[in-house]
K.L.:
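Quick one: the structure is below, and I'll ask about it shortly.
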Number of protein chains: 2
Amino acid sequence: MYIVRMDKNRNYEEAKLQMRKGMLEFCTLLIISRGEVYASDILKELKKADLIVVEGTLYPLLSRLKSDGLLDYDWKESSAGPPRKYYTLTANGKEKLSQLKTTWKSLVESINTLIRT
Amino acid sequence: MYIVRMDKNRNYEEAKLQMRKGMLEFCTLLIISRGEVYASDILKELKKADLIVVEGTLYPLLSRLKSDGLLDYDWKESSAGPPRKYYTLTANGKEKLSQLKTTWKSLVESINTLIRT
DNA sequence: GATAGTACCTTGTCGCACAAGGTACCGTGT
DNA sequence: ACACGGTACCTTGTGCGACAAGGTACTATC
C-alpha cells in the first residue's frame, strides 16, 4: 500500500502559471545554460542582474534542481582551493528552460501591456 | 520600554533588490493605478496576465498594502450583492509604484541580456 | 424563507529565502 | 609540522507569504 504524494510545489505543469515564484529558478537555469559554472559564478551573475541571492538560498535551489533532473554536475579540481561542482543542464533542464523562456516573454508582454494602459 | 521590531520583510529599500518576490505586489499596484477596482476586478486582471492568484492570496495582500499606507479604499454599494471595497493608490502608493516600474524595467533588461548571451 | 449569487475575510499548511553557523580542502609563512 | 587565510561546499532555524478550504454576510428571486 503506497501513499501517493502530489508534491504540489514541484508540479512543473502549473509552474508555467506561477512565473513570479520561479524567477530565481529561471535565472539560474539561464546562467547554467551559457556554459559550465559553479556556485560562486552563479552568485556573481545573479547579483549582476540585481537578483540578490545568498549561499543559503542558492545551494538548496541547486540541490532541488538536481533532484528534479534538470541539472547535473561534475567535480573539477581547482588550482587554488577545494574542488568545485560544475553544473550543466540535462536534456530535461534544456527543455524546461525553453518553456520558461516562452513563459517569460509572455509575462513581460502582459505586464508591459498593463503598464501602458 | 519599547521593543523595536525591524520588520525585515517590509523593508522597501531592499525590495528594490528582490523584485521577484514583489511581482504580485507590483502587478496589483499597477492594476489599481489604472482606476478604481475591487478585489474581483483585480483577480480577473491578474489572471489575464497569467499570474494565477486566488482570493486567499489577494485579500491578505491588499490588507498588507493598506496597512503599509500604499492603498486606500471606499465602500461602494453594488446594484446586485453586498457592498464592495474599491481600492485606490495613496500618494505613497504612487511613489512606490513608480519605483517598482523602474526596477521592473532594469530587471527585464538584465534578464534579456542573460537570454541573449 | 429557502436558494443562488456575490463579496469579503480567516485559518492551517507548506515551501522557500535568508541569516548564521559548520565542515573541509588548499597553499603559504614561520 | 602546523597554524593561518582563502575558497567552496552544505545545514539548521526562522519567518513570510501563497495557497486550499472553509466561513460570514448581504441582495435579489422564486
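By convention in this document, chain letters (A, B, ...) are assigned in the order of the sequence lines, proteins followed by strands, and residues within each chain are numbered from 1.
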K.L.:
Just the rounded figure in Å: distance from P of C/dT10 to CZ of B/Arg64.
P.N.:
13 Å
K.L.:
Can you figure out which of D/dA20, D/dC9, C/dC9 approaches the side chain of A/Ala39 most closely?
P.N.:
D/dC9
K.L.:
Give a yes/no answer on whether the side chain of A/Tyr38 brings an N or O atom under 4.0 Å of OP1 or OP2 in D/dA8.
P.N.:
yes
K.L.:
Hydrophobic side-chain clustering at under 4.5 Å (ILVMFWY, transitive links): who's grouped with B/Tyr86? Put none if nobody.
P.N.:
B/Tyr38
K.L.:
Would you kindly give the CG-to-C1' distance between A/Leu65 and D/dC10, to the nearest whole Å?
P.N.:
16 Å
K.L.:
What one-letter contact string describes nucleotides 21-30 of chain D from 5' to 3', where B marks a base within less than 4.0 Å of any protein heavy atom, S marks contact via sugar-phosphate atoms alone, and - marks no contact?
P.N.:
B----BSS--
K.L.:
Among D/dA8, D/dA18, C/dC9, which is the nearest nucleotide to the side chain of A/Ser40?
P.N.:
D/dA8
K.L.:
So does A/Val53 get a backbone contact from the side chain of A/Thr57, meaning a donor-acceptor N/O pair under 3.5 Å?
P.N.:
no
K.L.:
Going by the rule side-chain contact (heavy atoms from CB on, under 4.5 Å), which residues pair with A/Leu97 if we only count those two or more places apart in sequence or in a different chain?
P.N.:
A/Phe26, A/Leu29, A/Leu30, A/Ser33, A/Leu89, A/Lys101
K.L.:
Measure the distance from CZ on A/Arg84 to C1' on C/dA24 and round it to the nearest whole Å.
P.N.:
15 Å
K.L.:
Nearest whole Å is fine: how far is C/dT6 P from B/Tyr59 OH?
P.N.:
13 Å
K.L.:
Looking at residues at least two apart in the chain, or sitting in another chain, which of them share a side chain to side chain donor-acceptor pair (under 3.5 Å) with A/Glu109?
P.N.:
none
K.L.:
Hydrophobic side-chain clustering at under 4.5 Å (ILVMFWY, transitive links): who's grouped with A/Tyr59? Put none if nobody.
P.N.:
none
K.L.:
To the nearest angstrom, how far is A/Leu51 atom CG from C/dC18 atom C1'?
P.N.:
15 Å
K.L.:
Rounding to a whole Å, what distance do you find between A/Trp75:CH2 and D/dT7:P?
P.N.:
17 Å
K.L.:
Output the rounded distance in Å from CG (B/Leu43) to C1' (C/dA7).
P.N.:
11 Å
K.L.:
Could you check how far CG of B/Leu58 sits from P of D/dA20, rounded to whole Å?
P.N.:
14 Å
K.L.:
Check whether any side-chain heavy atom of A/Met23 lies under 4.5 Å from a side-chain heavy atom of B/Ile111, and answer yes or no.
P.N.:
yes
K.L.:
Please list all pairs passing the salt bridge (Lys or Arg N to Asp or Glu O under 4.0 Å) test where one or both residues lie in residues 32-41 of chain B, with sequence neighbours left out.
P.N.:
B/Arg34-B/Glu45, B/Glu36-B/Lys76
K.L.:
Assign A/Ser63 to base, sugar-phosphate, or nothing according to its heavy-atom contacts below 4.0 angstrom with the strands shown.
P.N.:
nothing
